[in-house]
Structure formats: C-alpha cells, structure tokens
Protein chains: 2
Amino acid sequence: MKNLLSSIKISVPEKIFLKDPESSDLGKRIIEHSILLIDEIGFDNFTFKKLGTKIGSNESSIYRYFESKHKLLLYLTSWYWAWIEYQLVFSTSNIPNPEERLLKAIEIVTQTIKEDYDFSHVNEVKLNQIIINEYSKSYLTKEVDSENKEGYFEVYKRLITRLRDMILNINPEYKFASSISSTIVEGALHQHFLKDHFKSITDCSEKVTPTKFFQDLTINAIKPK
Amino acid sequence: MKNLLSSIKISVPEKIFLKDPESSDLGKRIIEHSILLIDEIGFDNFTFKKLGTKIGSNESSIYRYFESKHKLLLYLTSWYWAWIEYQLVFSTSNIPNPEERLLKAIEIVTQTIKEDYDFSHVNEVKLNQIIINEYSKSYLTKEVDSENKEGYFEVYKRLITRLRDMILNINPEYKFASSISSTIVEGALHQHFLKDHFKSITDCSEKVTPTKFFQDLTINAIKPK
DNA sequence: CAAAGGTGATAGTATTACTATTAAATTCGC
DNA sequence: GCGAATTTAATAGTAATACTATCACCTTTG
C-alpha cells in the first residue's frame, strides 16, 4: 500500500490554488510545513507570516501559491479526502460481498490515521488531526455557496456519494442513504474530537473505535425490515 | 408553551460573561442585536464595533459585558441549549412510554425552529440558524480543554446525557448510548446545513426532516437483537 | 545571452480585537 | 433631593492580521 500510494498523484481541484504547490520545491515546503504548523498552533492562530518564518521564506512568496489561508485549508482538506477516496476505492474493489465491502468502506472513512504513510511531503497523521479539528471551518462560512459552485468541495461530495452507492447496493429501498453517509463521515470526525476533549458524551476511546460504532449503526439502520 | 417559556429565566454559566446581559437594558440590546447581526453577516465578519453601531452604543461598552466575541458566542450557544433542554424536559415529562418519550426527545433536539417564541429579546429562529452555522466554532479551538474545565459546555453535555439516559432506559445493554446521542444532536445540525448548502449529500429537505431520519436511525440501532 | 519567471525583501493599508482613560449620564442610598 | 457610586459613551491607542504593491535579484530556458 505504502509503495503504491507514493507513486500516484493526489489531484485537487485546480481553482483552489494560484500556482500548483506540487510544481516546485517551495510549494512542497509550504504544504509540508503548513500541516505541521496548523497542527501545532491551530488554524485560527496560523498565519502566512509565521509559516514564512518556519520555512525560511517570505510571506509574499506564499501568497503566490494561495490567495488566502482559507484557500490553503481548502487545498489540504481536498487533498485529504482525495487520499481517503483513493484508499476506499483501492481496498474495496476486490471485495465481492456487498456488506463486507460496506464495512470496509466505513472502516476507511472513520479510522484514525496512526501511521505516517510518508506520501512525499505530507504527514498524514497530522493532516488527519487537522481534518478533525478544522474541517468544519472550511465550509461554515458565508461564502459556501459560491465556493461550492466553484467545485471546491467536489472530492468530499464524491466520497460520500460512493458510500451512499454501496449502501443502496445492499438495500435500494433504504430512504436515507445519503444522509447516513454524510453522518458517518462527519460523525466520525466528531466522535474522534469528543474522545479527545469531551469524554463524557462519547463511548469511543482507544478500545472502542468510532469505526465499530458506525459499522453497528449502519448495518442496523439499512437492513430491510 | 409560549407563555410558560416567557416567564422562566434561561440560566447560562456565570463565568461566561463579565456582567449579566439580562441585568440591564443595554445588555438585552447586546443579546438581541448580536443574534440579528451574526445571522446576517456571519460570526467571522461580526465585530463589537459593528454591533455598537447597530445598537447606537459604543464598542467599549460591549466589552464590559463580554471579554471577547468568542465569549459572546459561548453565551448564545449556552442559552440556546438551555432553552432546548427546557423544552425537552417539559415536553417529555408526561410521556410514560419510554420509546414514545425518546422519539419526542429526538424531535425536540433535531427540529428546525420555525416559530419565533418571542422569549423576550431573543429571536429563536435566527438563533437556531446561528447554532447550525457557527456552533462548531465555539469548541473547535486550541482553548477547548481549559474552557471545558471552566464549565462553558456544561449545558450541552447535560442535554446529551439526558438523551443518553432515555436510550439506556429502553435498552440498558446498548453499547453506544452516549455516542449515538452526541451523533443525533451534532448530526441534526449538520443535516440542516447540508439541506441548505449541499443538497446532493443529504436526503433531508422540506418534506423529509432530519427528525425522521434520526428517529428511524436510533430506533433501529438500539433495539435489542 | 537576453528574456521570462520565480523568489525575497521591504513597505504600506485597512481592519481587527482589544486596552486605557476620561467624561458624561444615570441610578441608588440615605 | 443630593452626593456617591455605578454605568455608559467617546476617544485614543496598540499590536497583530490579512493582505497588496513594488522592486531587485537570481535562476532557468529558448
């Protein structure tokens, strides 16, 4: 898996960046260190000036790649979901049993990333933490609708659509296939957050994973009555 | 209901404010118009200066009530959840059947507020919209843990605990009572957001409510096998 | 070898999220 | 009803943010 992943290129909607960060050394350093810095100080406290200092480069140079820190967040989140989508497609394609396939898919979208896949300059463990802590901020804005039209959330929506199709494949009569899919993906991030900060309102922990919870929930919900 | 609600006082953790906004005319205007303004321009674009202009008062006067706009958001969200909790307790107390009671509780926490209850100076319809669009921002910060210790999220956690207890009352063996409760509350906000901005990944609409989805989901999940 | 593109350095702007100080208005205790 | 205390308003000021603009240098490429 590791080797295969290192050789493919994750593709992110082009309009998100001004200049493709994959196209230069500076661009890759921006991605690499923005992940480390956002994980460290949080997106709210993150600035291009601080990032410039970290990578020994200039604020103005970073603006040549991303027109704002918000666009950089959109880039990182799109990259993450594209990476998850790749894993999902790859690891479910050879499972013939629809229920088994769905369980695997739920595992992929709800698990904590524990291992750094060393996908070039991206630290996936820390990126996963950023998604848990900051993903909502990428769409909870007054500009969602226009940014959605620009296609900035395509990857995320496509991932949820794939999950939905696997559910409908098991039970085409289930009325809430889209809603349960979006609930699984968003809800898993939330449960991960709760187990780190609000333990009293989750059953999830190191032993009981969000994966188990959502697998159980989904199987019971979609079974024909 | 309306009359009853107008006569009780919703109580918010004291440490959230510097001076109780309920204690003065200016305080009430701050609450009233902050709801209108945040709903209008979004929390990110909201400033005390703009609010001051709206209410014909001064920025510095608002700082006497709240030490930051973040604290004001915590106040509004605590107020909202306390109000929901009150409705929950009130409207389930006389339902003897545990399953019926749970279904009612899910209805309360997942419904859209469509009617302005005219609870003094609070516009509940717009406050509900603010919760949908901004609630996550109140806890997705680097300061969650210390603010949690201060008790700023008590009301929210208590509400989820109440839901959990109703579920355990039906099936004490169900392993994920806390997780499903937090998923219902958070997930309902998310589904409301999706139906307004990302229609393709939800089944919810004007006709199919998040309430129906979560009632169906929960009943199937918690039934003893 | 010259032109083009990429990067770095510096400066500047409007706005934000506050703090501090003082003055004016209002309310309260007696 | 008056003086004291509290509340509010007005002004000014600060450090940081989220950029934009300009220019110089350095490298790559045709």
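None of the values given here were measured: they were computed from a predicted structure. Throughout, protein chains are lettered first and strands after them, A, B, ... in sequence-line order, and every chain is numbered starting at 1.
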Asker: Hey, is NZ on A:Lys49 packed in by over 12 heavy atoms from elsewhere, all under 6.0 Å?
Answerer: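 Count not over threshold, so no.
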Asker: Quick one: B:Lys69 NZ to C:dT16 C1', roughly how many Å, whole number?
Answerer: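 After rounding, the reported distance stands at 8 Å.
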Asker: Would you kindly give the CZ-to-P distance between A:Phe48 and D:dC19, to the nearest whole Å?
Answerer: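 One finds 7 Å between P of D:dC19 and CZ of A:Phe48, rounded.
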Asker: Can you confirm if the aromatic rings of A:Tyr65 and A:Tyr75 lie within a centre distance of less than 6.0 Å?
Answerer: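 Between A:Tyr75 and A:Tyr65, the centre distance exceeds or equals 6.0 Å.
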Asker: Measure the distance from OH on A:Tyr63 to P on D:dT17 and round it to the nearest whole Å.
Answerer: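 Between P of D:dT17 and OH of A:Tyr63: 11 Å.
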Asker: Provide, to the nearest angstrom, the distance between the CG atom belonging to B:Leu72 and the C1' atom belonging to C:dA17.
Answerer: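 Checked: the CG to C1' distance equals 14 Å.
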Asker: In whole angstrom, what separates B:Phe66's CZ from C:dC18's P?
Answerer: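 To the nearest whole Å, that distance equals 13 Å.
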Asker: Using whole Å, what does the distance between atom C1' of nucleotide D:dT20 and atom CD of A:Glu67 come to?
Answerer: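 Rounding to the nearest Å, CD of A:Glu67 and C1' of D:dT20 are 13 Å apart.
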Asker: Using whole Å, report how far CD1 of B:Ile30 lies from C1' of D:dT8.
Answerer: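 For the pair B:Ile30 CD1 and D:dT8 C1', the rounded distance is 10 Å.
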Asker: Which parts of nucleotides 3-12 of chain C does protein reach within less than 4.0 Å, heavy atoms only, written one letter per nucleotide 5' to 3' as B for base, S for sugar-phosphate only and - for none?
Answerer: ---SBBBB--
Asker: Round to a whole Å and report the spacing from CD1 of B:Ile62 to C1' of D:dT8.
Answerer: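 For the pair B:Ile62 CD1 and D:dT8 C1', the rounded distance is 11 Å.
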Asker: For B:Lys54, I'd like to know if atom NZ has over 12 heavy atoms of other residues, nucleotides or ligands within 6.0 Å.
Answerer: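 No, the 6.0 Å shell around NZ holds no more than 12 heavy atoms from other groups.
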Asker: Hey, is the main chain of B:Thr112 close enough, under 3.5 Å, to the side chain of B:Asn128 for a donor-acceptor pair?
Answerer: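 No.
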Asker: Before we go on, tell me: are the rings of A:Tyr156 and A:Tyr135 under 6.0 Å apart, centre to centre?
Answerer: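 Yes: the rings meet the under 6.0 Å criterion.
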Asker: With a cut-off of less than 4.0 Å, is there a side-chain N or O of B:Lys50 near OP1 or OP2 of C:dT16?
Answerer: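 It does, given that an N or O in the side chain of B:Lys50 lies less than 4.0 Å from OP1 or OP2 of C:dT16.
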Asker: Establish, yes or no, whether the cationic atom of A:Lys69 lies under 6.0 Å from the six-membered ring centre of A:Phe43 and within 45° of the ring axis.
Answerer: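 Relative to the ring axis of A:Phe43, which defines the angle, A:Lys69 lies inside both limits.
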